[in-house]
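Here's the structure we're looking at; comments come further down.
Every chain is numbered from 1, with letters handed out A, B, ... down the list of sequences.
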Amino acid sequence: MPETRSSDRLVVLEASRILGAWTRYEDHVVAAVPDDIDLRFTGGTAELGDVNVVHAGGSLDRLITVGRGSSPAERLAKTERFTDALERGGIGLVRTVYGEQLPPTDPDSQEAARLLDAATTTYVIVDAATKTPDPRRTVLIPFAELSERFIGYPVKRKVSGRILAVSPQDLEGAAAGVLKSSFLTRTPDLTFRVAGRADPDISALVRRAEERSPLTFSARLELLSDAAVIEEITGAELVVVPEADTLDALHLVLLSLSFARPVLVRSSPSMLALADEIGAEWVVTYAEHVSAAALDAAVATVRNAQAGSQPDLTRRGMQTIGERYVEVFRAAAHNARRARTVPGPLQPEPS
Amino acid sequence: MGVRLETIKPVTVFGVQMSLPPLVSIVVPVFNDEQSIEASLRSAMAQTLEAVEILVVDDSSTDDTAKVVARLADADSRIRLLRQPENMTALQARRRGISEAQAPYVMFLDGDDELEKHAAAKAASLAESAGADMVQFGVTLSWANGKQSSGGFEKRLQPRHSELEGDSIVLELFPAGRPAGGQLWKYLFRTELLRNVYSMLPDDLRLARANDLPIAYLAAATARRFISTPEKLYRYYFQRGGSGNLVENIAQFEFLMRAVDSIDSIADALQRLAYHHSDPQALLDSYASARLSIIGTLFRYLNRVNDGSLLRSAIAMLEERTSRIDLVRAAAQFQPEFIPKLAQHSAPDALGANQVASVLLTTSVLTTGGVSAVLLAQARVLIAAGYRVTIVAQREGSDRDLIPAGATFHELTGAQLTEKLEQWAHVCSTELVEVVIEHRVLYSRLWPAFALMARANGAATIGWIHNFAGRPTYDMNDLHSFMVQTIPVLAQLVVLSPLDVAFWKLRGIANTAYLPNPPSPLLQEHGVMDTPRTRAGGPIELVWVGRLDEHTKQVRALLDVAQELKVLQVDFNLSVIGPEWPGLTIDEFNAEAAKRGIDDFVRAVGPITGQPLIEALDRADAFVGTSVIEGYQLTLVEAQSRGLPVFMYEMPWLLPVQDNAGVVSVEQGNAKVLAYRIAQTMDDPEVYSALSAGSLAAAKRATSYDFDDLYERLVQGQLPAEYSPVPTLDDAADLLDLTVFFAERNAGVLQQLKAANKSASNARRSTERAQAQISQLEGDVRKLQSVSASHPVRPKATSWQRNLRRIKRRAERLLTPKVLQVTKATIAGDELRLSISLDRHGAPLSLHACRDVAGVVERHAFALRPDSTGTLIASLKWQDLGTRRWYLAGDLQGKADEHVRIPFQPGARCTSDSGTRVRTFTEGTLQVVSDR
């Protein structure tokens, strides 16, 4: 028998917030949560007992207790248990989906995905380019502008010509691209900086770049705090973001734009949509890989922006975005309860 | 699935055959291919894919090539003959073909090669199905004389990658560090790709050599998808037409060198491509490597040239066309075997042209050894003189505590020669090195590459040889020839004695000078004593200092001297001071002293340095030296600085012993005389004091050189002529004597080696025979068992069993070591007699007492005779054996070509009529021991 829940309080479980001292996507999701919503966070397993809504900004694997080592059969069995628990408890499942979702290849995993899709009360997408299995259950809530979250954090004066490859966690491909290509750029005053934690391959590239161009190259190879990331971003003229194919990467894109620093990102439907909305001089895309030509072109593009202009992120205020999520949670809880007690068509989605 | 293109045939419409548009254009650039063009074109005409066009571009042939093509074109409308107005090279012929091509894909066929009949169909099918811009296929290499090849070149022509995409295509098809080959005919290309490639090159570009490489390279750099098949679709006839590459005169080389123009022609295009490439450095590295590989190929041609004048001209021409650094890199990467010739024919930059301020000193690794000590002393002198000094160790593991203050130190950490050379060039460049002092000339064959790289970076190299010129003869290696070939790249050769100068000058190295070694830190710290010594009486205290290197210092010979001193009833102690060395440990030395019964007199004590060494020298009465070959021997000078007379085997070339009144030399190896001279001198206080005074005077002279001035003059190219004397006839005679002496020390080694090889070979054959017998035996056993199992009644197994036993016995005999039983050893007067009971193999034809001395076998033959009981009596003069341990080896009866070590059972009964007896040991050796 499911536990009895108080009807006037809503319990929301944020199910993919990995513990850490860095701001992530989930932080703006909960920016406007009122007192009558009881918010819980987990990056792993959790009791669903009195939970009304589970929200996942990424994979649900940890909550379902499966991983890379799990067999497809195990994944299916545990997913069945999880979706049964949701159904028995009348618990809403809200899943934020971003970027291209590769379907699993084996039948059991496909069935597990289908079960999760069926159990999903509402999909949230952060841009119109992302597709979900069911548009009728899908809500678009743009990624928030983040400067409000960091009021009072120290910022640096922009260094003209500085191109930054940064990651709050591990530096990836774009950093390698910048490192490999920087020496061939033709824009005269460019300098290059890499900031973030580096694996041995990236470290070796950094050493080589430092040897080759000690005057134009600098690096900060360590795990960066939010404050450090903001320092680095604000000190740059252009921020190169590793492929913006995750919510964490998108967070970095929005963080840069929130501090009025343009980004160079790999072209994708999501990034092209963002460039359309905010301006191609703020979101500059490259096709296949970072090259010297791509860096020069990006610098030329961002320098074409009107002096003193800012990216228009007014529709992405953190409070407004947070309130949209609250609406989604309330509707999801309602629909899930109804679905448990009164089988039938779902309530219409909030607009 | 790809389209089965063989099925594409011309279609018939209203009874009229309509040609399909071609799918593949086969471009055939020809020039004077009259003999082979018909076969080539017929292979193109025979393609199973009919939708081909064959574009023959005649580059103004002067023979009947065009007529042959025209005749074939009359018979097959798919052939088009395009004629160039003048000879414009195959690069332009291909351009014409590509521009006229109507098909979406292009293949190339040389006028002396052939296509397999499925080539166009299969390659185009792959391109279509994979959406590829480039398709590579396998190649059959045939020699013009019809021979098929399966060598390395043919392997290199085959595809190495099944599929590639994007920027990685060029990096994988032209990987840095591997030979780059154009060979356009091993690919099918998308026509548009090649048109784009040609658009990157000047319209009027003509390339006489390697003109396929730039096109293949740019195609790979711009292709987005590559696929391959291992199927061999092209027959390449090597050395038919213009494939030969002989260099007989400078004009021929100049023509071959135009290959460099070809690869250089795409340099600008490469820069543009790199600008858009995801890994531009990798692309530029790949291109640079392809360029070096072209130079490496030229070196391959030159390596077959023996005409020195032609080589010098060719290298100078290539150096001017490329750069010194490119030549070194190309040789190191692609033709390391050419480095000695490159060094031989690359004139050094002379010292003294500019004022030198920065000097680099290099050796393998910095240790406490002699070469490092000299290098470090030089560094200190040069630093004190105000030079910028850099020390480079060629490998890791140096003792960094030794590096003097003020010197910059680098270790070359690269695993490959090419990596080390790049590190070396970087050091030369960043430290602004003008002169290199190379200390590995006698110890490495890699130094010429470093001298060449230093030269390429504007630094002259001075090479230092730290041993006597006779060392390679003594070591039985070919280093002399290598050095004579490579030393010309040095601006100056420095050796350690006037006789060394004579040697190298007589060998043609004019810029040779000798310099003394600088004083060791010990000498610098403690100086030279003022007062000669006197002998206080009591036991004679002798000292030897050095590493326990048996090969050059003959450390065990000290035991011979000690034994002789004992025979002379001299009361003495000999301290052997120094570190162990491969081949002889302190324990082994002391154990040998014990075996010889002189451990109360001689003791190896290990290394001692600094003040304790001074104290040890001061406790001694004399220094003993038994080296056979040395370069300078600073330990001798150190001993003389403490007033010690020196008793040594003669090494007449040594600079410190010239006009040295403190040295008593005796002929090499004569321990008896050396011991006698020691005993005699120690009994005469006046002679002893005179020798001591002579030692002090010699040490003062050895330490009195003005090294600041000498090294200043050396690096500035201003050494006084007295350090580079002209060889005299006496010098030549001395050098001949010494060369003969060193050569004769190795007399008989070749015969011994041959014998050892034969024994090893026989032993191997015996083992193989035994193993074959055992296998046979096992097979027989299995058969027997199967027969037994299938017959409830005991079969006729007796013959099997007999056979088994016979084979088993034979196998056992073959595998059993041949053991002689030495039943009795007798010393009678001068004679040692061994009574040997014969085993089933019978008596040996000959028997020797043998021992290994530094890798060389010393042998003494026994006289053999059977006695009346059938026992073999072997005898020789026991004095010949000294007190060393000997093993027995001989030729076995019936196998006269065998000369093998013969183990024998120890524990023989020994009788003696004197105080001398024979001991036998468990490892199968025997020793004559004196009880006196």
_Under 4.5 Å from any heavy atom of chain A, what part of B/His276 do you find: side chain, backbone, both or neither?_
both
*So does A/Gln110 have more than 12 non-hydrogen atoms from other groups sitting under 6.0 Å from CD?*
yes
*Any side-chain hydrogen bond (donor to acceptor under 3.5 Å, both in side chains) involving residues 272-285 of chain A? Give me the pairs, sequence neighbours left out, ordered by first then second residue.*
A/Glu277-A/Arg316
*asked:* Is it the case that over 12 heavy atoms from other parts of the model lie below 6.0 angstrom from the CZ atom of B/Arg178?
replied: no
*Establish, from distance only, whether the side-chain atoms of A/Arg212 and B/Gln281 form a donor-acceptor pair under 3.5 Å.*
yes
*So which heavy atom on B/Ser278 is nearest to which on A/His289, and how close?*
CB-CG, 3.2 Å
*asked:* Please evaluate residues B/His426 and A/Glu211 with respect to the criterion side-chain contact (heavy atoms from CB on, under 4.5 Å), reporting the C-alpha separation (whole Å), side-chain torsions for both, the decisive distance (0.1 Å), and the verdict.
replied: CA-CA 11 Å; B/His426 182 70; A/Glu211 279 172 19; over 6 Å; no
*Taking atom CG of A/Asp106 as the centre, report whether more than 12 heavy atoms of other residues, nucleotides or ligands fall under 6.0 Å from it.*
yes
*Between B/Tyr275 and A/Thr185, which heavy-atom pair has the shortest distance, and what is it?*
CE1-CA, 4.4 Å
*asked:* Ignoring hydrogens, what is the shortest heavy-atom contact between A/Glu288 and B/Arg224? Give both atom names and the distance.
replied: OE1-NH1, 3.9 Å
